[in-house]
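One structure below.
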There are 2 protein chains.
Amino acid sequence: MKKESLNTPRSDRDEQTIKLIEALANQVRKAIESGKLPSIRMPVRSLDNVTYDQAAGYLELGKAERVRTLTVNTARSFAQTLRLMATSRTMVESNDFATKREAYYISKNWGDCRFDEQAESDAIMDDIEAVASLHDLSRENLRFYPESHGGSVAGRLAIIDQNAKTGQLIEVDCANLGSGAYSIPRSAEHLRFRTDARFVLAIETGGMFQRLNNHRFWETANCIIVEMGGVPTRATRRFIRLLSDKHNLPVYCFVDCDPYGFTNIYRTLKAGSGNAAHVNRFLCVPRARFLGVTPQDIIDFRLQDATHPLAATDVKRAKDALQNDPFIAAHPECIAAIKQLLDMGVRAEQQALAKWGLNYVIDEYLPRKLADAGRFLP
Amino acid sequence: MKKESLNTPRSDRDEQTIKLIEALANQVRKAIESGKLPSIRMPVRSLDNVTYDQAAGYLELGKAERVRTLTVNTARSFAQTLRLMATSRTMVESNDFATKREAYYISKNWGDCRFDEQAESDAIMDDIEAVASLHDLSRENLRFYPESHGGSVAGRLAIIDQNAKTGQLIEVDCANLGSGAYSIPRSAEHLRFRTDARFVLAIETGGMFQRLNNHRFWETANCIIVEMGGVPTRATRRFIRLLSDKHNLPVYCFVDCDPYGFTNIYRTLKAGSGNAAHVNRFLCVPRARFLGVTPQDIIDFRLQDATHPLAATDVKRAKDALQNDPFIAAHPECIAAIKQLLDMGVRAEQQALAKWGLNYVIDEYLPRKLADAGRFLP
């Protein structure tokens, strides 16, 4: 790893990350030196240890812990845990990062404790991440970055970044990218923002994003638009979270009117997902509100003849959400909206608004909705 | 469609598009006025009318034509064809665009000739597009844009665009986006470029793109890097094509060493796809060359222990390509490489290079390969 002596000064987060890794390593070393079996305590990541904290606004890990102790059976995974932690430390020190896939391949030079499959390295990475989350450190702080692409951004926002080699500041003006957009990097931790926008509009489809961008909707509406492209990736969620936290910006979610749009895309953005509860506190955007398309919009904007019948999977997804989703259960307005959708038996896409003309969404729909943001679903 | 009086001056392409639509419409009107059944001639789009032109370097439509004549049976599709052409004309005049999905929804106000499913509007759009392609006009010129997101770009490139409302020039410096990148818009027709790069590096995975971007590989290698994210979308292919044509830039393709990387990603980028032969002439990048990862690289860079066995689908895909792909058949070096891969029985990902250290790809692999670009597969 030659080229990695980048000049960026280490951040407080980096110092905390190294401190945590050293503390865990020292604890293991001490146990060994005093002739005891070393062990590492970790939060239990299974669903029975996940709760929805309505005050915090997201699904979070409970207090259950398990202990990984070095035994004949755990020797390999114990060593792998320490090796991955050491890799993380090296990356923080050299200001580098690895995708989950790269982390798996790095192990190919670890001899007997190499990972045979990525599922193994992912599981151990999740364990380390869960430990770190107890200390307010995310996977990105550990320098393990997601594979998945971030969304696109345009609007009244300047992103302040730096040249990773020289440390020189770089400013990207998202109001000056023409028909293009800013592609969110895999980690947003180091970004700073300058903005006079009033809100963030998180959009499900690329086509709608492109329409709003080409017509510079963000200029007149004084906002920032973000393309989620379906369920938002980690990078996109973290970007929106940091932006909305640092600048106290409301986030409005604009998706298709179907169970997937509501219970998958919107719920993941706002409250996170159950099987990654240890990271929701970093990724979810509790202040997000649901702008639409709502079932009532189908009636109010006369979209009935541009709808499609709910498929069996839609109905199943909606009923599952009503029965099992703690976030939905906590919000009577959401329950009512999902029941209304099931009663109507149809779904409507964002693009259905094109029935009234390609730019009806810009000229009519969004202005009418935004004039009454207090009524957005929670 | 109120808001669409955008100030951008109409381009030559726009004039040609309107002229073509008017010519087709006049022909229909004349036939009707002289009491004849109107008809429209269209290229046959089926695979038997597709050939690989080695000189041109792409799969292209042959000369077979069919005639859509107005009859009782075709009344609906004939009207839909004219309506979609009229929509296209309106969009050119107002400098707007529609995704395929939006085009489908627009029809919901067409009464009896509304489309019931998007498959119908897509098929008719393909017909119109095939006619236009005979006149050197692409679907983007007709203002029907793809749904799919473009890739990301960074490096020694300035993109010259304009404010769609004021016509004011906008310049995006792709060397100054920090850890972010430029997200390619759904149509690149209107873009101009300024660059001193020596080549374009088209990269399969987002993780590898991020690595090369964060370490500013493009700065030292003097190039432009493009993230394809698997098989490149239309927008990405057109962007690379325009860039390489206008600035005479070689394009090097850097993908996984597996049949999918070679016969799907690379072949689609370079020679296009069989089921969209009428558009390959606009989208494919005949000057693309295959940098790697090649089967020989697995040996030369000692990646054997970071490979995975070929799956049954890999073997099938490779054998299909050897038997049926006219592009592969035309290039003995490609045949040899695919046979070598089948003999070795393993595949290797770009990330496998991380076995030698995260930045081995930057410090060793790419410099060694680029020093001998003449040996890249055709």
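Throughout, protein chains are lettered first and strands after them, A, B, ... in sequence-line order, and every chain is numbered starting at 1.
Taking CD of Q118(A) as the reference point, atom CD of Q351(B) lies at 9.0 Å (rounded to 0.5 Å). The distance from the OG1 atom of T99(B) to the CG atom of L358(A) is 8.5 Å, given to the nearest 0.5 Å.
Within a 6.0 Å sphere centred on CG of D116(B), heavy atoms belonging to other residues, nucleotides or ligands number more than 12. The 12-atom threshold is not exceeded at CD of Q168(A), counting heavy atoms of other residues, nucleotides or ligands nearer than 6.0 Å.
Remark: the backbone N or O of A352(B) is not paired with any side-chain donor or acceptor of R101(A) at under 3.5 angstrom.
Nearest heavy atom pair, residue V172(A) against residue N176(B), reads CG2-O, 3.9 Å. Shown here for Y105(A) and H308(B), the closest heavy-atom pair between the two residues is OH-CE1, 3.2 Å. Shortest non-hydrogen contact noted between L177(B) and D161(A) is O-OD2, 4.1 Å. Heavy-atom minimum distance, R114(B) versus D305(A): NH2-O, 2.7 Å. The heavy-atom pair separating R211(B) from A98(A) by the smallest distance is NH2-CA, 3.9 Å.
Salt bridge annotation for K108(A)-E349(B): absent, with no cationic side-chain nitrogen under 4.0 angstrom from a carboxylate oxygen.
Note: Q210(B) leads K355(B), Q210(B), E102(B) in heavy-atom pairs under 4.5 Å with chain A. By number of non-hydrogen pairs under 4.5 angstrom with chain B, the leading residue of G178(A), A103(A), A181(A) is A181(A). Put simply, of S179(A), A354(A), S187(A), the one with the most heavy-atom pairs under 4.5 Å next to chain B is S179(A).
Proximity to chain B involves both the backbone and the side chain of F97(A), based on heavy atoms less than 4.5 angstrom apart. Only the side chain of L191(A) comes within less than 4.5 Å of a heavy atom of chain B; its backbone N, CA, C and O stay farther away.
At a cut-off of 3.5 Å, with distance as the only test, a side-chain donor of S152(A) or S183(B) sits close to an acceptor on the other residue.
Looking at heavy atoms from C-beta onward, N214(A) lies out of side-chain contact with R186(B) at the 4.5 angstrom threshold.
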